[in-house]
There are 2 protein chains.
Amino acid sequence: MKKDNSAKQSLTKNQSLVLQALAEADQPLGAYELLNRLQPSGFKAPLQVYRALDQLVEKGLVHRLESLNAWTACCEDQHSYTPVFAICDDCGNVTEHFDEQLAGNIEKVTKRSGFTPDRSIIEIHGQCDDCGTITQS
Amino acid sequence: MKKDNSAKQSLTKNQSLVLQALAEADQPLGAYELLNRLQPSGFKAPLQVYRALDQLVEKGLVHRLESLNAWTACCEDQHSYTPVFAICDDCGNVTEHFDEQLAGNIEKVTKRSGFTPDRSIIEIHGQCDDCGTITQS
DNA sequence: GGATAAAATGTTAGGTTATAACATAGCCGC
DNA sequence: GCGGCTATGTTATAACCTAACATTTTATCC
Ligand SMILES: [Zn+2]
Ligand SMILES: [Zn+2]
Ligand SMILES: [Zn+2]
Ligand SMILES: [Zn+2]
């Protein structure tokens with residue numbers, strides 16, 4: 001991840017459009033949903049979306065949610081720890097969290113067996129605060 | 001997860017065939033790869049595989065690896081903690097691990113924001129012991 | 001500025017992964 | 001046997017992703 005403070009400034013047109021669409025959405029979006037939303041801006045083929053997404057992930061500005069086949073804008077400009085995503089299965093809302101201890105735990109678990117970690121995926125499905133309160137009533 | 005000790009005994013024909021194919025494989029398998037391997041046993045359509053997989057996951061005998069779009073047989077009959085998968089990007093080998101502290105930390109991170117966790121996905125990509133040793137030479 | 005190389009984009013086609021919809025067959029308690 | 005349930009079979013289609021190749025834009029060096 002070669003992210004720096006100027007990451008957002010060096011974006012190409014397509015990358016900017018995709019990032020903006022993700023930032024404006026209140027949920028993660030699939031590639032084809034992005035394509036739909038960006039057709040007014042001139043997007044015509046899935047590959048345009050996928051290429052921009054790949055580049056944005058490379059820059060650390062966007063994360064892919066593996067269990068949703070969807071992408072979301074990163075919550076901040078810089079973070080050194082692996083993000084933990086909390087995914088509400090009721091309303092679709094996703095939040096990004098960090099925990100220093102977690103990063104250490106993950107390394108510990110795998111290194112017991114000689115494994116060399118590269119990138120980690122942590123996605124927690126459940127119920128967000130809003131949705132949990134509603135159903136408890 | 002309504003897994004019990006008799007889970008394996010109450011399997012239907014299709015479920016048994018899919019579980020056996022996964023147990024015999026040395027790597028996680030995709031649904032269509034499973035279909036290929038099970039065609040001699042009479043499987044003809046993807047849905048037969050997907051339905052058996054869903055049921056096996058429900059019983060806790062099979063795990064889905066979200067970042068691989070693949071499935072693997074569970075390493076043991078019972079485990080209470082969320083499994084951590086170490087995925088070697090070189091050889092494709094996947095191992096299942098457990099860590100009480102890690103599971104607790106993940107819950108803690110999300111509960112700070114009022115989130116109620118249901119199921120967690122932890123998949124770590126990297127290099128296994130064998131592959132790491134080779135490239136270091 | 002002009003030649004060159006690298007990166008980004010456009011476009012078509014095709015491959016992989018997963019589900020919808022509907023029909024059929026077996027099982028079990030009544 | 002009847003009704004309800006689960007599992008299965010079958011066809012079609014949706015959703016997600018990439019290969020291949022042509023073109024344009026951008027960066028770099030002289
Ligand atoms: Zn982030
Ligand atoms: Zn919610
Ligand atoms: Zn397991
Ligand atoms: Zn390996």
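Residue numbers begin at 1 in each chain, while the letters A, B, ... track the order of the sequences. None of the values given here were measured: they were computed from a predicted structure.
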Does A/Arg112 form a salt bridge (charged side-chain N to carboxylate O under 4.0 Å, His left out) with B/Asp99? I'd like the steps, not just the answer.
CA-CA 11 Å; A/Arg112 278 185 209 144; B/Asp99 187 293; 2.9 Å; yes
Taking for B/Gln15 and for A/Glu33 the nucleotide of DNA chain D with the nearest heavy atom, the one nearer the 5' end belongs to B/Gln15
Quiz item: Within a strict 4.5 Å, meaning less than it, do heavy atoms of the A/Lys59 and A/Gln15 side chains meet?
Solution: yes
Practice item. May I ask you to check whether A/His97 and A/His79 place their ring centers less than 6.0 Å from one another? Key: no
Quick note, ring pair (Phe, Tyr, Trp, His ring centres under 6.0 Å) partners involving residues 99-130 of chain B, not counting sequence neighbours, are none
ask   = If only atom types and distance count, is the side chain of B/Glu96 paired as donor or acceptor with the main-chain N or O of B/Cys75 below 3.5 Å?
value = yes
B/Phe43 atom CZ is separated from D/dG9 atom C1', nearest whole Å, by 11 Å
Closest to the 5' end of DNA chain C, once A/Ala52 and A/Ala45 are matched to their nearest nucleotides, is A/Ala52
Atom NZ of B/Lys59 and atom P of D/dT6 are separated, to the nearest Å, by 12 Å
Whole-Å distance, B/Asn14 CG to D/dG9 C1', equals 10 Å
Of the candidates D/dT10, C/dA8, C/dT17, the side chain of B/Lys44 sits closest to D/dT10
To the nearest angstrom, the CG-P distance between B/Asp54 and C/dT19 comes to 7 Å
ask   = Under 4.0 Å: is that the gap between some side-chain N or O of B/Thr12 and OP1 or OP2 of D/dT8?
value = yes
Whole-Å distance, A/Leu47 CG to D/dC16 P, equals 16 Å
Rounded to whole Å, CG of A/Asn69 lies from P of C/dT16 at a distance of 17 Å
Taken to the nearest whole Å, CZ/B/Arg64 to C1'/C/dT19 is 13 Å
Between CZ of B/Arg51 and P of C/dT17 the distance, given in whole Å, is 20 Å
Side-chain atoms of B/Gln48 come closest, of C/dT9, D/dA19, D/dG9, to D/dG9
Under the criterion of centre distance below 5.5 Å and interplanar angle below 30°, is B/Tyr32 classified as stacked on the base of C/dT17?
yes
